[in-house]
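Everything below concerns the one structure shown next.
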Amino acid sequence: MYRIAIEKLWKWKQSKRRKPLIIEGARQVGKTWLMKEFGRLAYEDTVYINFDSNAIMTELFAADLDTKRLMMGLELYIGHKINPDNTLLIFDEIQEVPRALSSLKYFYENAPEYHIVCAGSLLGISLHHGTSFPVGKVEFLKLSPLSFREFLMAIGKEQFGELLDQKDFQMITGFKQTYIDALKHYYFVGGMPEAVQCFVEDRNFNDVREIQKQILLDYEQDFSKHAPIELVPKIRMVWNCIPSQLAKENKKFLYGLVRQGARSKDYETAIMWLSDCGLVHKVSRVNAAGIPLRAYEDLKAFKLFMVDVGLLGCMAGLRQRTLLEGNNLFAEFKGALTEQYVCQQLKTMQDLGVYYYTNDRGSCEVDFVVDTGEQIVPVEVKAQENLRAKSLKTYQEKYSPEVCIRTSMSDYRKEDWLINLPLYAIDQITQIQ
């Protein structure tokens, strides 16, 4: 299985200003596998240390954080000398030993020759309020579930991904059924590595669904294990209501759907908790289209998407036979899967700000507006072949963006102010002019 993030790890290794690297992401998105695979490919030796329930590491880092002393302790623990020139040091579950997290500052300042990569989550980090976090002394890499591009590679259709990069839409259209079939499978399987691996090996949708159910169960258990006890019921209520939130025509998050009479102050901490540990994507509203979009962010209005389209389908009870019913899958429960899919792909792209737009009267809504740093790109998501884009036209007349994107199951088509980009080519959004 190939992960595009490994290319960023190669750049990190070769950087003259390399800092210890923390890989963030929800549980079970493949952080441990990625670190070990990178060690196998890029180094002669890999030292893997898991800090979870590791009493020896807890004791080692409890004393002073002198890097020479720490390296001696690590060498005693693994039983051999560590050569910094050809060894990757992996600290997994580093948040379980907060002092190890603090030590990264001293490794950067006093022992920069060591190549250190860690797996952690904002969840684990944020719970240790007394931790001295090494601000400015570490780098971060966000790891998401497999994107549709990575899914194509996993199922042996890498050339179809390369064709998308070439943007030869005449040829792409000729093979569109291959893309559509793969996209249907991705909607069901999603991008969680274990589910994808199962699908690649057996093509058994029932087995995939069982894996997804287990992942969801593991997440629910994580709520009880890691969240403050008084917050757990609220986290569960927010988490379980996401499918019903996305099933609405207007997908803005409504607290009243969590519990009748609920208000933001009752549940905003639970939402922040889910967001910090990577389980949900919070997409805020903007009411204008200037750069940067963050300056126009309305923190009170937002949509909440899940980390993975396959897990959303599992929670919503998506039927396997829906895969066989033409393109009905893409419109399943009011296009929620399609909007989830687009959000998930946009979130895998580096340095993109992702928001949605409504005007102050609420008469115009654009599903996503993307800040590339150089321009604002409005994106209208259409689950079905119905290609009216009334809101997008209103937005275009008001703000005159360089490009407007409507993404749907229709073929690529460029009109005077609008580009129809097939859903399976959404990762080309920043390359389309």
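Since this is a predicted model, take the numbers as computed values, not measurements.
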Is the terminal nitrogen or CZ of Arg209 (NZ for Lys, CZ for Arg) located under 6.0 angstrom from the six-membered ring centre of Phe188 and within 45° of that ring's axis?
yes
Between Ile90 and Val47, is any pair of side-chain heavy atoms under 4.5 Å apart?
no
Here the gap from Leu217 atom CG to Gln212 atom CD, rounded to the nearest 0.5 Å, amounts to 13.5 Å
A quick test of your reading: do over 12 heavy atoms of other residues, nucleotides or ligands sit less than 6.0 Å from CE of Met315?
yes
Can you check side-chain contact (heavy atoms from CB on, under 4.5 Å) on Leu346 and Phe368, steps first, answer last?
CA-CA 9 Å; Leu346 294 175; Phe368 297 103; 4.0 Å; yes
Sidechain-backbone polar pair: Lys167 side chain, Asp165 backbone, donor-acceptor under 3.5 Å:
yes
Residues in salt bridge (charged side-chain N to carboxylate O under 4.0 Å, His left out) contact with Asp427, at least two apart in sequence or another chain
Arg149
Are any non-hydrogen side-chain atoms of Asp218 and Arg27 less than 4.5 angstrom apart?
no
I'd like to know whether NZ of Lys13 has more than 12 heavy-atom contacts from other residues, nucleotides or ligands below 6.0 angstrom.
yes
Check whether the ring centres of Tyr255 and Phe253 lie less than 6.0 Å apart, and answer yes or no.
yes
What's the shortest heavy-atom distance between Leu279 and Ala26, and which atoms?
CD2-CB, 3.9 Å
Which atom pairs, donor and acceptor, lie under 3.5 Å between side-chain atoms of residues 292-310 and protein residues at least two apart or in another chain?
unit_1: Glu297; atom_1: OE2; unit_2: Ser284; atom_2: OG; d: 2.9
unit_1: Asp298; atom_1: OD1; unit_2: Lys300; atom_2: N; d: 3.1
unit_1: Asp298; atom_1: OD2; unit_2: Arg285; atom_2: NH1; d: 3.0
unit_1: Lys303; atom_1: NZ; unit_2: Glu339; atom_2: OE2; d: 2.8
unit_1: Lys303; atom_1: NZ; unit_2: Glu365; atom_2: OE2; d: 3.4
unit_1: Lys303; atom_1: NZ; unit_2: Asp367; atom_2: O; d: 3.3
unit_1: Asp308; atom_1: OD1; unit_2: Gly191; atom_2: N; d: 2.7
unit_1: Asp308; atom_1: OD1; unit_2: Gln344; atom_2: NE2; d: 3.1
unit_1: Asp308; atom_1: OD2; unit_2: Gly310; atom_2: N; d: 3.1
unit_1: Asp308; atom_1: OD2; unit_2: Leu311; atom_2: N; d: 3.1

So, do Val379 and Val369 sit near enough that their side-chain heavy atoms are less than 4.5 Å apart?
no
Report, as yes or no, whether the 6.0 Å neighbourhood of atom CD1 on Ile229 holds more than 12 heavy atoms from other residues, nucleotides or ligands.
no
Strictly distance-based, threshold 3.5 Å: is any side-chain N or O of Lys31 a donor or acceptor partner for the main-chain N or O of Gln28?
no
Where Val354 and Val283 come nearest, the two heavy atoms and their spacing
O-CG1, 3.8 Å
In short, Pro193 meets Met1 closest at the heavy-atom pair O-CE, 3.7 Å
Please answer whether the main-chain N or O of Trp12 pairs with a side-chain N or O of Lys8 as donor and acceptor at a distance below 3.5 Å.
no
Minimum side-chain heavy-atom gap Ile22-Leu104 below 4.5 Å
yes
Measure from the side-chain N and O atoms of Gln245 to the backbone N and O of Leu257, and report whether any donor-acceptor pair falls under 3.5 Å.
no
Donor on one side chain, acceptor on other, Tyr267 and Arg259, under 3.5 Å
yes
Pair Phe91 and Phe51, ring centroids less than 6.0 Å apart:
yes
Checking Gln428 against Leu164 for the side-chain contact (heavy atoms from CB on, under 4.5 Å) test, could you report, in this order, the C-alpha distance in whole Å, the side-chain angles of both residues, the deciding distance, and whether it holds?
CA-CA 7 Å; Gln428 300 298 313; Leu164 290 174; 4.1 Å; yes
Classify the ring geometry between Tyr341 and Tyr187 as parallel (under 30°), tilted (30 to 60°) or perpendicular (over 60°).
tilted
Taking side chain as C-beta onward, heavy atoms only, is Asp411 less than 4.5 Å from Phe169?
no
Pair Asp222, Tyr219 - check side-chain contact (heavy atoms from CB on, under 4.5 Å), show working.
CA-CA 5 Å; Asp222 279 345; Tyr219 284 166; 4.2 Å; yes
Verify the distance criterion only: is there a donor paired with an acceptor across the side chains of Ser224 and Arg236 at less than 3.5 Å?
yes
Is there side-chain contact between Ile6 and Tyr2, with at least one heavy-atom pair below 4.5 Å?
yes
Does Asp266 come within less than 4.0 Å of Lys234, counting only side-chain N to carboxylate O?
no
If we ignore hydrogens and angles and just use 3.5 Å, is the side chain of Asp52 paired with the main-chain N or O of Glu96 as donor and acceptor?
no
Atom of Ala195, atom of Ile211 and distance for their closest heavy-atom approach
N-CG2, 4.0 Å
Going by atom types only, do Asp92 and Thr32 share a side-chain donor-acceptor pair under 3.5 Å?
yes
To the nearest 0.5 Å, atom SG of Cys404 lies from atom CG of Leu392 at 4.5 Å
Just one of Trp33, Tyr48, Trp10 clears the ring-ring contact (aromatic ring centres under 6.0 Å, His included) bar with Phe38, so which one?
Trp10
With side-chain contact (heavy atoms from CB on, under 4.5 Å) as the criterion, how do Lys347 and Leu352 come out once you've worked through the C-alpha distance, each side chain's angles and the decisive distance to 0.1 Å?
CA-CA 7 Å; Lys347 286 289 187 177; Leu352 278 190; over 6 Å; no
Where does the angle between the aromatic ring planes of Tyr357 and Tyr395 fall among parallel (under 30°), tilted (30 to 60°) and perpendicular (over 60°)?
perpendicular
Ring center gap for Phe148 and Tyr424 short of 6.0 angstrom
no
Side chains of Asn54 and Thr58: donor-acceptor distance under 3.5 Å anywhere?
no
Donor-acceptor under 3.5 Å (Thr322 side chain, Leu318 main chain):
no
When the ring centroid of Phe151 is compared with that of His185, is the distance short of 6.0 Å?
no
Do we see a donor-acceptor contact under 3.5 Å between the side chains of Glu210 and Gln214?
no
Quick one: does any side-chain atom of Thr407 pair with a main-chain N or O of Leu421 as donor and acceptor, under 3.5 Å?
yes
When you measure from the side chain of Ser275 to the backbone of Ile271, do you find a donor-acceptor pair of N or O atoms at a distance under 3.5 Å?
no
Value for SG (Cys198) from CZ (Arg203), rounded to nearest 0.5 Å, stands at 11.0 Å
Do other residues, nucleotides or ligands put more than 12 heavy atoms under 6.0 Å from Glu374 CD?
no
Is the number of heavy atoms from other residues, nucleotides or ligands within 6.0 Å of CG (Leu254) greater than 12?
yes
Minimum side-chain heavy-atom gap Leu34-Leu9 below 4.5 Å
yes
Could you tell me which residues satisfy salt bridge (charged side-chain N to carboxylate O under 4.0 Å, His left out) with Lys19, sequence neighbours excluded, listed by chain and number?
none
So does Glu109 pair up with Lys105, basic N to acidic O under 4.0 Å?
yes
Using every non-hydrogen atom in the two residues, find where Asn287 and Tyr399 come nearest and quote the distance to one decimal.
O-OH, 3.5 Å
Would you find more than 12 non-hydrogen atoms of other residues, nucleotides or ligands less than 6.0 Å from Arg263 atom CZ?
no
Close side-chain approach of Met57 and Leu74, heavy atoms under 4.5 Å
yes
Does atom CD of Glu7 have more than 12 heavy-atom neighbours from other groups under 6.0 Å away?
yes
Smallest heavy-atom separation, Glu150 atom then Ser147 atom, equals OE1-N, 2.9 Å
